[in-house]
Amino acid sequence: MSSYKNPTGGYWAPGASEYAAAQSGASAPRMEAPGVEKGYDRLEAPAVQETRNRYPSVSDTVVEPETNQEYFRGEVRECLPAKATHSTQHSTVVGVMRAYAKPEYTIDIDLLTRQDEDNNFASDVCVRRRGFDPKTDDRYLEEVAFEIKATQRSGDLTERARLMARRGVRRVFAIPVKGDDAGYNLVAGPLLEWQPERDDWKTWGEHELLEDPCLTGPLRIKALLDAVEAEEAVVKAVLASNHPAMAKHDEVVEQRGKLEGHREWLLMELSDAGIEFDDVARARIEACTDSRVLRRWFKRVGEAQTIQEVFGDA
């Protein structure tokens, strides 16, 4: 079976969309398997030694972007639209990760990535650095990826995790979900993380904290699994941010003399985090009239172990 070699060094699978050939200005014939009316049952990537020693560009696509195709294990597959259980959980993860991602990172949905010569597919949600990688003159490879497992086979999920990790994705997570057709009675979890060194999945407890260089602070695992927890996590992230809208909000709060709300919220967060504080610490909080200082203390609660660390005295 012949194939078309594109200028970037990757290979367009025979029978995949003519998009590949169009990108190079050349023509590549469609080769259909006998009896196949839509899609292609099996497409074999050529075993060319010169391309096996390096990865194609992350943006080097086999299938046509903005379609329902992916290239997995040397096959072009049709990706069906998601059911409510999958799409509802999908939106929860996107909202939380967008709120917690550092400014230099962006959150992508269904971003098509070339994993290797035989694989070109998208994770459900991913986190990548903004801009272009000077080493490749292409976009940055995603650093963190999430897969929502509703109807996906476990074997496929594991293989996709292996491929992404091998490509260089730092962390790959999976969230199993179950629920009704309306996505109402949805049960998500536990959160799984792929461990390449063990070639297996690690299970996270819902009360554990997820920390990563691309996040502004620790994230409670349950916020990725539960819609109510997700909303609370987003609110906390916004309150702890330095967004101009928050600065304007603080000015209004100060002008109206409603700093008491900030103080009560901070005290409640200290109690929820199990950080002990005496009457002296309480008096210091209640005496604070600078909302910026209160927000700074609030932001430290997620990482602090003592009230001194919250105040920055440690």
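We're numbering straight along the sequence, starting at 1.
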Working to the nearest 0.5 angstrom, can you tell me the gap between [X] [atom1] and [Y] [atom2]?
X: Leu209; Y: Ile221; atom1: CG; atom2: CD1; value: 7.5 Å
X: Arg129; Y: Lys102; atom1: CZ; atom2: NZ; value: 8.5 Å
X: Ser154; Y: Glu159; atom1: OG; atom2: CD; value: 13.5 Å
X: Asp60; Y: Leu112; atom1: CG; atom2: CG; value: 10.0 Å
X: Glu193; Y: Arg171; atom1: CD; atom2: CZ; value: 4.0 Å
X: Phe146; Y: Asp124; atom1: CZ; atom2: CG; value: 11.0 Å

Q: Show your reasoning for whether side-chain contact (heavy atoms from CB on, under 4.5 Å) applies to His262 and Thr289.
A: CA-CA 10 Å; His262 286 292; Thr289 59; over 6 Å; no
Got a donor-acceptor contact below 3.5 angstrom from the [X] side chain to the [Y] backbone?
X: Arg263; Y: Cys288; value: yes
X: Asn185; Y: Asp180; value: no
X: Thr67; Y: Val63; value: no
X: Tyr100; Y: Ala233; value: yes
X: Glu208; Y: Gly205; value: yes
X: Asp226; Y: Glu229; value: yes

[Y] six-ring centre to [X] NZ/CZ under 6.0 Å and within 45° of normal:
X: Lys202; Y: Trp204; answer: yes
X: Arg160; Y: Phe121; answer: yes
X: Arg130; Y: Tyr105; answer: no

Would you name the heavy atoms of [X] and [Y] that are closest together and state the gap between them?
X: Arg220; Y: Glu206; result: CG-O, 3.9 Å
X: Thr113; Y: Asn120; result: O-ND2, 3.0 Å
X: Gly131; Y: Tyr140; result: O-CD1, 3.6 Å
X: Arg114; Y: Ser57; result: CB-O, 3.3 Å
X: Leu186; Y: Thr85; result: CD1-O, 3.3 Å
X: Cys214; Y: Val144; result: SG-CG2, 4.0 Å

Indicate if [X] and [Y] have the same hydrophobic cluster label, given that clusters are the connected sets of ILVMFWY residues with side-chain heavy-atom separations under 4.5 angstrom.
X: Ile107; Y: Phe132; result: no
X: Val96; Y: Val187; result: no
X: Val280; Y: Val301; result: no
X: Val228; Y: Ile175; result: no

**Q.** Polar side chain donor-acceptor pair, Trp201 to Thr158, under 3.5 angstrom
**A.** yes
Q) Is the closest side-chain donor-acceptor distance between Asp200 and Gln195 under 3.5 Å? A)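 Side chains of Asp200 and Gln195: no pair found under 3.5 Å.
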Are [X] and [Y] within salt-bridge range, i.e. N to O under 4.0 Å?
X: Asp156; Y: Lys149; result: no
X: Lys135; Y: Asp133; result: no
X: Arg284; Y: Asp313; result: yes
X: Glu70; Y: Arg73; result: no

Could you tell me whether the side chain of [Y] reaches within less than 4.5 Å of the side chain of [X], counting heavy atoms only?
X: Arg295; Y: Lys299; answer: no
X: Phe298; Y: Glu269; answer: yes
X: Arg170; Y: Glu142; answer: no
X: Phe311; Y: Ile307; answer: yes
X: Arg139; Y: Ser59; answer: yes
X: Arg300; Y: Glu309; answer: no
X: Leu111; Y: Arg128; answer: yes
X: Leu267; Y: Arg282; answer: yes

Atom [atom1] of residue position [X] - does it have more than 12 heavy atoms of other residues, nucleotides or ligands inside 6.0 Å?
X: Glu286; atom1: CD; value: yes
X: Asp279; atom1: CG; value: no
X: Glu276; atom1: CD; value: no

Q: May I have the step-by-step check of side-chain contact (heavy atoms from CB on, under 4.5 Å) for Thr136 and Val58, ending in yes or no?
A: CA-CA 9 Å; Thr136 63; Val58 293; over 6 Å; no
(Q) If you apply the rule side-chain contact (heavy atoms from CB on, under 4.5 Å), what do you find for Asp199 with Trp194, and how did you get there? (A) CA-CA 7 Å; Asp199 196 42; Trp194 182 247; 3.1 Å; yes
Q | CA sep, side-chain torsions, deciding dist, call: Val125, Asp108, side-chain contact (heavy atoms from CB on, under 4.5 Å) | A | CA-CA 6 Å; Val125 182; Asp108 289 303; over 6 Å; no
